[in-house]
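Reading through the structure tokens given below for one structure.
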Number of protein chains: 2
Amino acid sequence: MAEGHGSMIGGENLLFLTDEQLRKGIEAMFFAYRGFTADPDRILEEHGYGRAHHRALHFINRTHGTTVNNLLAVLGVTKQSLNRVLRTLIEDGLVESRVGRKDRRERNLYLTEAGRTLERALSEAQRERMRAAYRAAGPQAVAGFRQVLEAMMDDEIRRQYLTMRDRRA
Amino acid sequence: MAEGHGSMIGGENLLFLTDEQLRKGIEAMFFAYRGFTADPDRILEEHGYGRAHHRALHFINRTHGTTVNNLLAVLGVTKQSLNRVLRTLIEDGLVESRVGRKDRRERNLYLTEAGRTLERALSEAQRERMRAAYRAAGPQAVAGFRQVLEAMMDDEIRRQYLTMRDRRA
DNA sequence: TTGGAATGTCAACAAGGCTGACATAAAATG
DNA sequence: CATTTTATGTCAGCCTTGTTGACATTCCAA
């Protein structure tokens, strides 16, 4: 019958690992990511910015005073690419770059009031979508969601993510 | 104290919806998506292709004989953008474009043997990553993962996704 | 027969990745 | 102190992949 668990192929904890199931997961990931970025994208467009700006604002807000090198590591892009984005944010007065106090080669990055305002608008839109999804799926589903996502990261990124996951602002 | 559940704001099923929790979900999504695309990206680079080619191959393989318009709707890009990608895939002999039988304006798209080979390599790399994540997280987590992702999609996309989710090859 | 739909193509442009080369300042090291 | 390394910025150029607009072709359907 329909529920014959196929236990002959490895027990029920392997049952869900069919190519069919994996394909569904892959496509869900693809479509969900589109939703995930849709709301901030609309706001960014109004300001003439792109996702790269959002990412920079997010991580500067998240780790006040972070250095350029730090940001490069987290974002996984080249300094030339980041610099282009950072320069416009600084010119537009959303980000402030201060010479490092201990090490004066470094630049510590901060959001200005205007930067905080835009960051809040972006992250609030994204949080609202996430909140609705969490609410619809329930707490147990959320725990599973995070577990799978963390297991999907590259090892090095996961280490980085886990160390900063539970930081305080 | 630290565990004062804040039950005054809506009961424990709302407890996990703090901005902090939502931020973790957002960052997990960001980093996980990088992992999600990392393995196919490496293979694509060897062939001089990009993610756009992967997406086209995936959905042509998934729905043999799909039309260009169909593909546009699923991928959410302009026809000009898709056309450029499609053209190189056809020129390179990975995709075959046949004039529609009923409606001869339409083009039905199929993978050639070479196309199937590349598609298999790409999807197998991606499935392997997904498989490892699923295995590490367990069946319950996987169910939650899918629930949250589906809830995160745009409404229209979700409808589309759900109708094709359980199709047979 | 004519309007509109589906498709393709050309041109131009922008964002945001990349590499390589080079400049500067400051820290670290011998 | 001299040298090397590090952190950052910048210029130039290239690529992919998205966009818009204009226009041609084909062909179904009213």
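Please read all numbers here as calculations on a predicted model, not as lab measurements. Lettering of chains follows the sequences in order, A, B, ..., and the numbering in each one begins at 1.
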Do [X] side-chain and [N] base share a donor-acceptor contact under 3.5 Å?
X	N	result
A/Gln80	C/dG16	no
A/Arg104	C/dA26	no
A/Arg105	D/dT8	no

Any side-chain N or O of [X] under 4.0 Å from OP1/OP2 of [N]?
X	N	answer
B/Thr78	D/dG18	no
A/His53	C/dA15	no
A/Asn69	D/dT8	yes

Integer-rounded Å distance: [N] [atom2] and [X] [atom1]:
X	N	atom1	atom2	result
A/Asp103	D/dT6	CG	P	12 Å
B/Lys79	C/dC10	NZ	P	13 Å
A/Asn108	C/dA26	CG	P	15 Å
B/Arg98	C/dT7	CZ	P	16 Å
B/Leu86	C/dT7	CG	P	11 Å
A/Arg51	D/dT17	CZ	P	14 Å
B/Asn83	C/dG8	CG	P	6 Å
B/Arg101	D/dC28	CZ	C1'	18 Å

When we call it a touch if two heavy atoms are under 4.0 Å apart, what does B/Arg84 touch: a base, just sugar-phosphate, or nothing? base

Heavy-atom neighbours of B/Glu156 CD exceed 12 at 6.0 Å: no

Neighbour count >12 (heavy atoms, 6.0 Å) for atom CD, A/Glu27: yes

Pick the closest DNA chain C nucleotide for B/Asn70 and for A/Val85 by heavy atoms, then say which residue is nearer the 5' end.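 The 5'-side residue here is B/Asn70.
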
Anything under 30° is parallel, anything over 60° is perpendicular, the rest tilted; go ahead and classify B/Phe36 against B/Tyr33.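 Geometry flag for B/Tyr33 against B/Phe36: tilted rings.
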
For the pair A/Phe31 and B/Phe59, name the ring-plane relationship: parallel under 30°, tilted 30 to 60°, perpendicular over 60°. tilted

Electrostatic pair A/Arg131-A/Glu128, nearest N-O below 4.0 angstrom: yes

Nucleotide of C/dT7, C/dT9, D/dG18 approaching B/Arg87 most closely (side-chain heavy atoms):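 Comparing C/dT7, C/dT9, D/dG18 against the side chain of B/Arg87, the answer is C/dT9.
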
With respect to the side chain of B/Val77, which nucleotide from D/dG9, D/dG18, C/dC18 is positioned closest?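 Out of D/dG9, D/dG18, C/dC18, the nucleotide with an atom closest to B/Val77's side chain is D/dG18.
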
